[in-house]
Chemist: 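One structure is given below, represented as C-alpha cells, and several questions about it will come after.
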Amino acid sequence: MKNQYLFGFAQVHEEFRIPELISIAELHNIALQIPKDADVSRPFMVLELESEYDALALARRCILIKWVCDFYGRGRTYEEVYQETRANVSKWEKYIENTSFRFIVTAYNHKIPQSRQTTIVESFSFMDLKGKIEMKNPDITLMCFEEYVDKHGTTRERHEGDGKFKEVFFGRLIAEGSARQLVKIFDVKKRTYFGNTSMEAEISLLMANQTLAAPGKLLYDPFLGTGSLAYTTAHFGAWVYGSDIDGRQMRGKQDMVPGVLRSAEQYGVSYRILDLFTFDVTQNPWRCGGLFDAIITDPPYGVRAGAKRLGRKKPLKKPQTTNERSIAQRPDDQPYIPPTKPYELSELATDLILLARYMLKPHGRLVFFLPTVTDEYEEVDVQTMLCEGMEVIANSLQDFGSWGRRLITIRKTTSQEYSRPNFAHGGHEQIDNYSGSGHIPAHKDFREKYFKGFRKDDTAEDASS
Amino acid sequence: MVRLISHNLLACHAKGCTSNNFPLQFKDVTVELREQESNPDFLKNIMPRLEWKALVGAARQLGDTSLPEEMPEMLDDEFLKNLHHVLFEIHVEEGAMVCPNCQHVYPILNGIPNMLLAEHEIS
C-alpha cells in the first residue's frame, strides 16, 4: 500500500534530479517509482513511497529537494484540489481535533496578493480543523502552491496574471530538504584551499550522491586536483584515496600542511582522507583490483588543465644511455620530473572505464564528467566508451551552450575478475572494448574543438561518423 | 600520512617489475603518531584486502610489535585496537619507499609519496 508525497525541487540542474532520487533511494533501500510523465522542467512532483520515513530519508540527503509534503490534492482549479483533499480525508482527519496549525500559500514564478492568500486559506475551512492557528510553532503546516508558467523576459505588473496558474498543489509539510544547505557550506569561495579547476559545491554534492557515498565505504579520485570531490564524499561518511599526476595541485604551497588536507580539516573530514599520491593513473601502483566501492572524478578536459600522462610526445632522436637514465645523477639536485605527453580525451575516457572495471568492487560505481560538443553529441558516443561488465545508469547534461558536460554514472555489473589493464602507448586495442567499432565520438579531440570555438574547419576534412 | 593501510595497498609497477615488488621497504623515515577514533564499519570493509604478513613487517620496520605474525582466529578488542593503531595512526611523513626488486626509490615529502615512474620504467 503506497502513499503519495508532494516534493518541491530546486529548479536547477534539472537533468540531475531523477538520477539523484534514484541513487538515494537505492542507498536507503527505498522503493521508488518515477512516474512516466515526470517533467523535470517543473518544480513539483508527486511520488509514491511506502512511508513518511522514506520521504524523510530522501529529503535529508538529496541536494535538489527543497521540501516534502504529505500529498492531499492537486488540480487545474481549486475545486479539483478540494475534491481530492476530501477524498484523502483519511490522511488528515487525525488533525481535526487538538492540532495547532498554520497555513502557507505561495506560488512559483508569481506573487499572490495578500488578500487572495487569505481567501484561499478560508476556502479550506471545509477541513474543519478545530485546533488553534499558531504561526510560530504549529503542530502542522499546511502548504498550498500555485505553479505559474515562467514569464521571464517580460515586463509586467507585480500581480499580473494572478489566478491564471498552470496547476495548484496542496499538502502537509513533512520536512524541509536539509541537504540543500550543504551547497553553502561547501562553497568553493569559502574554502581554505582551492584552485581555478575546483568543482563547484552543488555539483560536487550531486556527484557524491551518485556514488552512494556512505559510512564505511572506500572511494577513489584518480584526478584529485584540489580535492573538491574528496570533501563531499568524505562528508557523507566515505573514506577516500586521491591521486594526481601533478602533486602541486594537491599540495598547494610547500612547507605547509598539504592544501587538500587543510580544506578537509575545514570540513572536519581530514581523518577520512586516507592518503594522497602523486602518480599517473595509467601507471598506477595499486597492488590489486576490486578495492573501491566507487570511483569519482572530474578528469582534465585539456582546456584549463592540460590532460597528460607519462611518456614522450616525440620519440628521442637517440635512445637514452643507462647513465642518462639514472635518476640519482641529476647535476642540479632538482627532483626528477619525467616527461609527459598530452592525453586525448576519448582515450582517457575509455581507459578510465577499463581501469574502473578492474579497481571497483562488483556493483561499484564510476561517476565522472564527460565534456561534449552540443551539435555533435549522440548517445552512442557514451556507449562506445564502455567495456563488457560496465553499464551506464545515468547521463545528466550540464548545458553551457555550444558545449556541455555530462555526468556519467556507470555501474560495474560483473563479478568476474579481470587482469590489470595495460595502457600501453599507442595501442588501445583491448579486446572487449567497444571503441573498436569505428565510431568517432563528439568528445574526441575536445581540447582542439574547444579552442576553435566549436566551429568546424573550412577545409574538406570532416570527422566521419 | 602515509598510513600503513595505504602502504599495504601499494606495489612497484615499473616495467618488468612483476615479482618481489611488494611490499615496498621504508627508508630514512620520519614517523608521526596521530590518534583518531576507531571505525568498525570501515575496518570490516578493508580487512579482506589486507596482506597480513606485509602489514606486520611494515609495522615492525617502524618499531611497532603489537600485531601477531598470523591473523588470529578470534578478533578480540585488544587485537582490533592494535590493528586500528597500526593501520590508521602511524604516519610516515618523510623518507622513502624502495622496491625490493628494482630498487626504485619513491620519495615521501610532507606525507605525499611521489610514485611517478621514470621514462624507461613505463610500459
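All values below were derived from every heavy atom in this structure, side-chain atoms included, with hydrogens, water molecules and symmetry-related copies excluded. Every chain is numbered from 1, with letters handed out A, B, ... down the list of sequences.
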Chemist: Measuring from A:Y271:OH to B:E35:CD, what's the distance to the nearest 0.5 Å?
Modeler: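 Separation between the atoms: 14.0 Å.
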Chemist: Among A:L274, A:D280, A:L291, who wins on heavy-atom pairs under 4.5 Å with chain B?
Modeler: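 Highest number of pairs under 4.5 Å: A:L274.
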Chemist: Please name the pair of heavy atoms, one in A:P338 and one in B:A118, separated by the smallest distance, quoted to 0.1 Å.
Modeler: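 That closest heavy-atom pairing would be CB-CA, 4.5 Å.
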Chemist: I want to check something: taking the side chain as every heavy atom from C-beta on, are A:R251 and B:L109 in contact at a cut-off of under 4.5 Å?
Modeler: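 Yes, their side chains come closer than 4.5 Å.
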Chemist: Do B:M115 and A:N284 pass the side-chain contact (heavy atoms from CB on, under 4.5 Å) test, and can you show the C-alpha distance, the side-chain angles, and the key distance before you say yes or no?
Modeler: CA-CA 8 Å; B:M115 309 200 73; A:N284 72 73; over 6 Å; no
Chemist: Between B:R49 and A:G289, is there a donor-acceptor pair closer than 3.5 Å when you use the side chain of the first and the backbone of the second?
Modeler: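 Yes; judged by distance alone, with no hydrogens or angles, the pair exists.
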Chemist: Atom CD of A:Q283 and atom CD of B:E121: how far apart are they, to the nearest 0.5 Å?
Modeler: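 Atom-to-atom, A:Q283:CD and B:E121:CD are 10.0 Å apart.
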Chemist: Are A:I273 and B:M1 side-chain neighbours, meaning at least one heavy-atom pair lies under 4.5 Å?
Modeler: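 Yes, their side chains come closer than 4.5 Å.
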Chemist: In terms of heavy-atom pairs under 4.5 Å with chain A, which of B:R34, B:K44, B:E51, B:E37 leads?
Modeler: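 Top option by heavy-atom pairs under 4.5 Å: B:E51.
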Chemist: Which residue out of B:P40, B:P113, B:C12 racks up the most heavy-atom pairs below 4.5 Å with chain A?
Modeler: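 The answer is B:P113.
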Chemist: Is atom CG of B:D77 surrounded by more than 12 heavy atoms (other residues, nucleotides or ligands) closer than 6.0 Å?
Modeler: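 It does not: B:D77 CG has 12 such atoms or fewer within range.
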Chemist: How far apart are the closest heavy atoms of A:G216 and B:F42, and which atoms are they?
Modeler: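 Reported closest heavy-atom pair: O-CD1, 3.4 Å.
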Chemist: Test side-chain contact (heavy atoms from CB on, under 4.5 Å) on B:L9 and A:D275; report intermediate values, then the result.
Modeler: CA-CA 11 Å; B:L9 297 172; A:D275 257 296; over 6 Å; no
Chemist: Decide if atom CZ of A:R420 counts as having more than 12 heavy atoms of other residues, nucleotides or ligands within a radius under 6.0 Å.
Modeler: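 It does: A:R420 CZ has more than 12 such atoms within range.
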Chemist: What closest approach, in Å, do A:L218 and B:I46 show between heavy atoms, and which atom pair accounts for it?
Modeler: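 That would be CD2-CD1, 3.9 Å.
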Chemist: Under a 4.5 Å heavy-atom cut-off, does chain B meet the side chain of A:I245, its backbone, both or neither?
Modeler: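 For A:I245, heavy atoms of backbone and side chain both lie under 4.5 Å from chain B.
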Chemist: For chain B, which of A:P258, A:S243, A:G237 has the most heavy-atom pairs under 4.5 Å?
Modeler: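 Most heavy-atom pairs within the cutoff with chain B belong to A:P258.
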Chemist: Let me confirm one number: the CE-CG distance from A:M250 to B:N110, rounded to the nearest 0.5 Å.
Modeler: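 Spacing of CE (A:M250) from CG (B:N110) equals 11.5 Å.
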Chemist: Nearest 0.5 Å, what's the CG-CZ distance between B:N21 and A:R287?
Modeler: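 Reported value, rounded in 0.5 Å steps: 10.5 Å.
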Chemist: Side chain, backbone, both or neither: which part of B:N8 has an atom under 4.5 Å from a heavy atom of chain A?
Modeler: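 Both backbone and side chain.
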Chemist: Mind checking whether B:F88 and A:W239 have parallel, tilted or perpendicular rings, split at 30° and 60°?
Modeler: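 Judged by the thresholds at 30° and 60°, the geometry between B:F88 and A:W239 is tilted.
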Chemist: After noting the C-alpha distance and the side-chain angles of A:R272 and B:N39, does the key distance pass the side-chain contact (heavy atoms from CB on, under 4.5 Å) rule?
Modeler: CA-CA 10 Å; A:R272 282 203 289 274; B:N39 45 87; over 6 Å; no
Chemist: If you measure from CD1 on B:I108 to CZ on A:F277, what distance do you get to the nearest 0.5 Å?
Modeler: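 With rounding to 0.5 Å, CD1 (B:I108) is 9.5 Å from CZ (A:F277).
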Chemist: I'd like to know which of A:P339, A:G247, A:C288, A:A238 tops the heavy-atom pair count under 4.5 Å against chain B.
Modeler: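 Counting heavy-atom pairs under 4.5 Å, the top option is A:P339.
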Chemist: Starting at CZ of A:F292, measure out to CG of B:N45 and round the result to the nearest 0.5 Å.
Modeler: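 So the gap between those two atoms works out to 10.5 Å.
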